Amino acid sequence: MSLDQLLAWTPPGSPDETMARQVNFEQLPAHIAIIMDGNGRWAAQRHLPRVEGHRAGIDSVRDVVETSARLGIGVLTLYAFSVENWKRPWTEVNTLMTLLKRYLRLELATLHENNIRFRVIGRQDELAPDVRDELDVGIRQTANNTGLLFNIALNYGGRAEIVDAAKRLIAAGVNPDDLDERRFGEFLYTAGQPDPDLLIRTSGEMRVSNFLLWQIAYAEIWVTETLWPDFRRRHLLEAVLAYQKRDRRYGGIKPSPVVVG
Ligand code: FPP
């Protein structure tokens, strides 16, 4: 993808256009992961039921998926439902699952047309059969697409993922002497995917909330006060521009400038 692809979809003269022109397309994050938070507060501010915040959050999902695809991001992972979220009232859980099914049903054709590959990470076997069926259709239909890889983290927990990986590698009979970080990564839900370079969290909370614990070891974290239902393309561009200004050292030191003469 390219600047032209992004500008074709950006109102001329808008702040989004100014930001889009500042993006360095040679230095994009390979993987962006987002903790979509603040739906409940967004609804409360409007004296609406919490589920209306989730409903409004779907527009943000659509905007962020399309912007990521146009930017040329390799992988986008959205945290839609954690293993802890089952503790929420049944009606809220039910609405979230219904929204997810409806999103897929309505958006699948667009995802496919845009060459987006849809995947789910999390304990899918614990989801209701109707939800699993809907997800399977999306995964199957987009399996051969080669553009953005769009992961939805659903019934996902970072610790659960590490436990599941350990169980799978034991079942596969991996010899402990052959085990290193690279080999362990092959048993994670995200096997074969690059680790997130950029982790975004909305609504100002400074927590990682059991999200991609293994994979975010060296991710740059960007937190915005914006509540998820208000998050749009300009916020994603803002995060990418902030990421591109970071000095990533991976535990090393910054090489000193060479002084000549
Ligand atoms: C956190 O806000 C948000 C969630 C637990 C769910 C996010 C889900 C969606 C946006 C809809 C479905 C997603 C997809 C990918 C189609 P919160 O309820 O914890 O907000 P609060 O902290 O303000 O209470």
Side-chain angles (χ1 to χ4, degrees), residues 32-69 73 75-112 114 116-124 127-128 130-139 142 148-158 160 189 199-212 223-233 235-236:
I32 298 179
I34 308 185
I35 302 176
M36 310 182 284
D37 195 15
N39 295 353
R41 275 162 284 171
W42 185 93
Q45 285 170 1
R46 288 158 182 78
H47 309 286
L48 294 169
R50 291 178 54 79
V51 292
E52 291 308 320
H54 300 317
R55 216 182 294 284
I58 297 284
D59 291 339
S60 312
V61 170
R62 213 174 280 122
D63 210 58
V64 163
V65 170
E66 177 141 15
T67 305
S68 300
I73 301 298
V75 186
L76 172 72
T77 303
L78 301 184
Y79 202 3
F81 194 88
S82 73
V83 288
E84 290 85 14
N85 284 154
W86 297 108
K87 292 182 217 152
R88 295 189 176 208
W90 181 83
T91 46
E92 183 173 341
V93 171
N94 199 34
T95 305
L96 276 168
M97 295 297 163
T98 306
L99 283 174
L100 192 82
K101 282 191 293 177
R102 191 178 307 151
Y103 166 82
L104 267 180
R105 216 170 299 142
L106 295 177
E107 293 297 315
L108 190 55
T110 311
L111 294 178
H112 196 40
N114 288 309
I116 295 170
R117 183 152 58 108
F118 170 71
R119 287 275 310 272
V120 176
I121 58 169
R123 289 183 170 165
Q124 288 174 70
L127 297 169
D130 59 326
V131 177
R132 280 209 313 260
D133 289 349
E134 205 73 51
L135 297 172
D136 285 346
V137 172
I139 295 167
T142 62
L148 174 72
L149 170 56
F150 170 30
N151 293 314
I152 291 191
L154 192 60
N155 194 23
Y156 176 87
Y189 306 147
L199 171 67
I200 297 174
R201 180 163 191 148
T202 59
S203 92
E205 309 282 357
M206 299 289 182
R207 285 192 288 274
V208 293
S209 296
N210 201 12
F211 189 39
L212 299 174
V223 177
T224 173
E225 291 295 325
T226 303
L227 305 177
W228 178 252
D230 293 326
F231 195 92
R232 287 293 180 277
R233 172 180 42 206
H235 302 104
L236 188 70

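Every number for a ligand or one of its atoms is a count from 1 in the order of the listing. Bear in mind the structure is a predicted one, so any value in this text is a computation, not a measurement.
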Enquirer: Which bit of L227 gets closer than 4.0 Å to ligand 1, counting heavy atoms only: side chain, backbone, both or neither?
Expert: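 Looking at L227 and ligand 1, no heavy atom falls under 4.0 Å.
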
Enquirer: Where the closest heavy atom to atom 4 (C) of ligand 1 is concerned, which of H54, M97, R62 has it?
Expert: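 Selected option, by shortest heavy-atom distance: H54.
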
Enquirer: Using a 4.0 Å heavy-atom cut-off, which part of I58 comes near ligand 1: side chain, backbone, both, or neither?
Expert: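 Answer for I58: side chain.
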
Enquirer: Taking all non-hydrogen atoms of both residues into account, name the closest pair between E92 and R50 and its distance.
Expert: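 Residues E92 and R50, closest heavy atoms: OE1-NE, 2.9 Å.
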
Enquirer: Is there any ring-ring contact (aromatic ring centres under 6.0 Å, His included) pair reaching into residues 33-62, and which pairs are they, with sequence neighbours excluded?
Expert: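 Residue pairs passing ring-ring contact (aromatic ring centres under 6.0 Å, His included), neighbours aside: none found.
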
Enquirer: If you have a sec, work out which protein heavy atom is nearest atom 18 (O) of ligand 1 and how many Å separate them, to one decimal?
Expert: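 Sorting protein heavy atoms by distance from atom 18 (O) of ligand 1 puts R50 NH2, 2.7 Å first.
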
Enquirer: Which residue from R88, E92, R102 reaches closest to atom 19 (O) of ligand 1 through any of its heavy atoms?
Expert: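 It is R88 whose heavy atom sits nearest to atom 19 (O) of ligand 1.
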
Enquirer: Do side-chain atoms of D63 reach the backbone of R233 as a donor and acceptor pair under 3.5 angstrom?
Expert: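 At least one qualifying donor-acceptor pair exists.
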
Enquirer: Heavy-atom distances under 4.0 Å decide this one: backbone, side chain, both or neither, for N39 against ligand 1?
Expert: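 Both backbone and side chain of N39 come within 4.0 Å of ligand 1.
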
Enquirer: Verify, without hydrogens or angle tests, whether S82 (side chain) and E84 (backbone) share a donor-acceptor contact under 3.5 angstrom.
Expert: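 Confirmed, S82 side chain pairs with E84 backbone.
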
Enquirer: Using heavy atoms and a threshold below 4.0 Å, how should the contact between W228 and ligand 1 be classified: side chain, backbone, both, or neither?
Expert: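 Contact part for W228 vs ligand 1: side chain (C-beta onward).
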
Enquirer: Does a salt bridge link R46 with E52, judged by any charged N lying under 4.0 Å from a carboxylate O?
Expert: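 Looking at E52 together with R46, the answer is no, because their closest N to O distance does not fall below 4.0 Å.
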
